[in-house]
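Here is the structure we will look at.
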Amino acid sequence: MRTVTIGMVLALPVALVSPAQAAPSPSSSEKKLISSIGSSPVKKHLQAFQSIANANGGTRAAGTSGYDASANYVAGKLRKAGYNVQMQPFDFAYFEEKSTAALQQLSPDPKVYAPTPPDGSVVGEFATMTYSGSGNVTGTLQNVDLVLPPGPTPSTSNSGCEAADFAGFVAGNIALLQRGTCDFVVKAQNAQAAGASAVIIFNEGQPGRTATLQGNLGTPVTIPVVGTSFAVGEELASPAGTVLRVSTDTISEIRTTHNVIADSKWGDPNKVVMSGAHLDSVTAGPGINDNGSGSAAILAVAEALGKIPTKNRLRFAWWGAEELILLGSEHYVTTLAPAALSKIKLYLNYDMIGSPNYALKLYDGDDSDATGAPAGPPGSDEIEKLFEGYFNVLRQGHVGTDFDGRSDYGPFIAVGIPSGGLFTGAEGVKTPEEAALFGGTAGVAYDPCYHAACDTIANISDKALALNTGAIATAAVVYAFSRDLPGPDTASAARTAAKTAPAEADAHGELRR
């Protein structure tokens with residue numbers, strides 16, 4: 001499969017997707033349609049995204065010219081393919097770290113701590129939190145309700161979670177806080193209200209909670225806020241009276257960006273089959289795997305199907321500001337009228353499908369893995385079975401992945417829409433079992449360039465991209481013509497919430513607490 005093409009991948013599996021596996025078997029014409037979607041358009045779109053990033057400071061982050069050019073590129077291709085295209089605007093809090101931060105102990109033991117640079121190329125001893133304010137501060141460090149040594153379990157500490165924790169805090173001091181219990185932004189806002197000139201939040205200290213915090217406040221604050229490892233925090237906590245310099249150089253302001261929503265002119269408008277991928281990168285890089293890969297694949301599939309009369313209405317979405325906590329998809333779902341929301345019969349999410357050290361992961365719609373979040377809304381199990389059937393016929397291994405709230409399916413499953421999709425891994429480490437199943441290297445991240453400047457066109461597995469694009473095309477065509485879509489036969493406009501995203505992580509796992 002080293003030179004696999006999407007046409008080769010698609011030639012077999014679609015014939016064996018039975019009604020019991022969530023959809024009727026495609027006709028011969030449908031199989032021909034699916035297999036016509038080759039790898040060339042997908043790679044062409046990826047190269048276009050790379051070129052856009054190259055021309056716009058190396059990034060396609062929401063709120064930048066690189067994102068706007070990406071959205072216009074996608075919209076232009078869709079209009080040419082025959083879709084009704086909407087550029088849906090929304091305001092959001094933009095954040096950018098302009099230059100590398102500094103953390104320096106001036107006394108009693110002068111020391112310079114290693115930073116995490118804005119491009120994320122290395123993780124240092126500390127990192128600027130997303131939505132940190134900008135400033136260059138020198139002050140005395142003051143401990144706030146620390147638990148040292150740490151308790152035996154996570155969230156034993158509630159350092160800074162209550163205004164009362166800051167009783168006696170000296171205005172102008174730098175607040176030293178410990179991870180635990182409440183969101184980082186609550187700690188930072190309480191410190192700011194108490195007159196802190198800057199905030200340092202260190203990891204709590206239990207196993208799995210010792211590394212440098214790379215956190216997301218979710219809401220802008222005006223003073224510098226950095227996260228550190230447990231080791232740095234423990235070192236700074238004693239002796240009292242330590243004098244530090246903290247410097248951050250950030251932009252945090254309200255900007256406008258857009259979702260790109262494309263509706264086919266064919267099919268029953270009361271039965272919408274929706275596929276989506278986030279279009280934005282992080283500011284550190286061009287985001288070709290994350291998530292140019294999913295964006296390029298659904299664009300290629302949409303182009304192939306745009307002028308094909310279908311039974312059900314196809315809708316494709318490219319989300320903005322996913323990297324800032326799923327803002328685009330959340331805006332879309334929460335602003336859609338209940339009657340319009342009830343017409344969306346299923347949502348398919350494709351976020352990172354070409355990771356270089358990939359595993360082929362299917363969202364666990366039936367919770368058969370019995371780990372983490374519960375099953376998705378009714379019908380999600382059927383979607384998972386469709387993808388399983390595709391990979392099984394190829395004799396291609398696959399594993400489940402949890403509905404953990406880390407991508408744009410989150411707002412859809414929260415309102416009860418059957419959902420599914422594909423994922424090839426981000427910063428997580430590949431297991432020996434996965435290396436035996438998929439090849440690659442155990443003990444190494446699925447995507448070593450995750451959220452970094454090196455997430456370029458060179459950071460793509462062609463095999464993973466081809467296999468997953470074949471699965472995307474199969475699902476789109478099967479559900480475009482299916483008489484029996486997954487989930488309940490009659491959808492309610494007032495859907496029951498299925499689950500909410502866990503507070504521990506946002507998009508792709510940036511910590512918020």
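Quick note: residue numbers are just sequence positions, from 1.
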Pair R255 + E96, salt bridge at N-O below 4.0 Å: no

Residues K361, E434; criterion salt bridge (Lys or Arg N to Asp or Glu O under 4.0 Å); working and verdict: CA-CA 10 Å; K361 298 172 179 278; E434 288 172 334; 3.3 Å; yes

Geometric class of the Y363/F423 ring pair [parallel <30°, tilted 30-60°, perpendicular >60°]: parallel

Flag for T64-D68: side-chain donor and acceptor within less than 3.5 Å: no

Test: D462 and K43 ion pair at under 4.0 Å: yes

Backbone of E322 reached by a side-chain donor or acceptor of D280 within 3.5 Å: yes

Derivation of the side chain to side chain contact (heavy atoms under 4.5 Å, CB included) call for F316 and L299: CA-CA 8 Å; F316 295 89; L299 180 56; over 6 Å; no

From OG1 (T283) to NZ (K98), nearest 0.5 Å: 12.5 Å

F95 side, atom CZ; I251 side, atom CD1 - distance, nearest 0.5 Å: 9.5 Å

No-hydrogen, no-angle side-chain donor-acceptor test under 3.5 Å, N259 and H331: no

Side chains of H398 and N392, donor plus acceptor under 3.5 Å: yes

D263 bridged to R315 by N-O distance under 4.0 Å: yes

Cation-pi geometry met for K430 and Y358 (6.0 Å, 45°): yes

Distance-only side-chain donor-acceptor flag, E427 / Y446, under 3.5 Å: no

Any side-chain donor near an acceptor of the partner, S121 and D119, under 3.5 Å: yes

Any donor-acceptor N or O pair under 3.5 Å, side chains D447, N459: yes

Y67-H258 aromatic ring centre distance below 6.0 Å: no

Atom pair CD (Q86) and OH (Y332), whose distance is rounded to the nearest 0.5 Å: 8.0 Å

Distance (rounded to the nearest 0.5 Å) between I298 CD1 and L78 CG: 8.5 Å

Q214 side chain to H451 side chain, donor-acceptor N/O pair below 3.5 angstrom: no

Criterion side-chain hydrogen bond (donor to acceptor under 3.5 Å, both in side chains) on T310 and N312, from CA distance to verdict: CA-CA 6 Å; T310 58; N312 304 311; over 6 Å; no

Near-ring test F403/Y409, centroid separation under 6.0 angstrom: yes

Spatial distance of atom CG (L465) from atom OG1 (T469) [nearest 0.5 Å]: 4.5 Å

Closest contact, heavy atoms only, V85 versus R79: CG2-CG, 3.6 Å

Any side-chain donor near an acceptor of the partner, S329 and D408, under 3.5 Å: yes

Stepwise side chain to side chain contact (heavy atoms under 4.5 Å, CB included) test for F387 and I472: CA-CA 9 Å; F387 287 125; I472 293 168; 5.7 Å; no

N357 side chain vs A445 backbone, donor-acceptor pair below 3.5 Å: yes

Mutual orientation of the aromatic rings belonging to Y347 and F412 [parallel < 30°, tilted 30-60°, perpendicular > 60°]: parallel

Derivation of the side-chain hydrogen bond (donor to acceptor under 3.5 Å, both in side chains) call for T128 and E97: CA-CA 8 Å; T128 304; E97 187 174 17; 2.6 Å; yes

Atom pair CD1 (I457) and CG (N289), whose distance is rounded to the nearest 0.5 Å: 10.0 Å

Criterion side-chain hydrogen bond (donor to acceptor under 3.5 Å, both in side chains) on N203 and R209, from CA distance to verdict: CA-CA 6 Å; N203 216 336; R209 292 166 79 91; 4.8 Å; no

